[in-house]
Amino acid sequence: MSRRNDRMKASDVFREKEFIFTRKVSFDEAFPEIEKIVIEVEERGDGVNLSGFCDSRRIYKNPNLPGEYIDCSNPLCYSGGVRIGSIIHEMVRARSTERVGSTSFCQGYEGSPKGRRRYRKCTNSFKVKVSITYKEKAFTKTSN
Ligand SMILES: [Zn+2]
């Protein structure tokens, strides 16, 4: 799949680097205890939308989830995005149902299309909110 600017985003780099090491599993296989998940991402910065507004909100629900990373919208950014896979893993381990993350900056950088030269760090930022509903039988006890 070719992109408008040919710069790979975090999910592309992740796919390319880790595909050979880890077997990709579906979301349900990875998190069988999750009934429902809603991921709300607020991104600010360059390229967020083309009509000139400087922030946007994206909402993802299972089964249509973005995968390990939410990609950055900055067209100059290489390997950009924010990792949500680890956030979900942490939440599931702690059985948390709601997490409002602090704003975190994009992990990518602005550089040449193949990413060999770095010009500056990407300044786009993401705020991630996650709500999880667990399957009943996964609970050892329920509140009601
Ligand atoms: Zn970025």
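Quick caveat: nothing in here was measured; it's all calculated off a predicted structure. Position 1 is the first residue of the sequence, and the numbers go up from there. Every number for a ligand or one of its atoms is a count from 1 in the order of the listing.
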Using modelled atom types and a 3.5 Å cut-off, is there a donor and acceptor pairing between side-chain atoms of Asp12 and backbone atoms of Lys9? yes
Side chains of Tyr134 and Arg95: closer than 4.5 Å at any heavy-atom pair? yes
Reported OH-to-OH distance for the pair Tyr78 and Tyr119, which is rounded to 0.5 angstrom: 13.0 Å
Pairwise side-chain contact, Ile84 with Leu65, heavy-atom cut-off 4.5 Å (strictly under): no
Polar protein atoms near the Zn ion (ligand 1) [N, O or S; cut-off under 2.8 Å]: Cys72 SG, Cys77 SG, Cys106 SG, Cys122 SG
Look at the side chain of Arg44 and the backbone N and O of Ser125, then say whether any donor-acceptor pair between them is shorter than 3.5 Å. no
Can you check whether Glu35's main-chain N or O pairs, donor with acceptor, with Asn62's side chain at less than 3.5 Å? yes
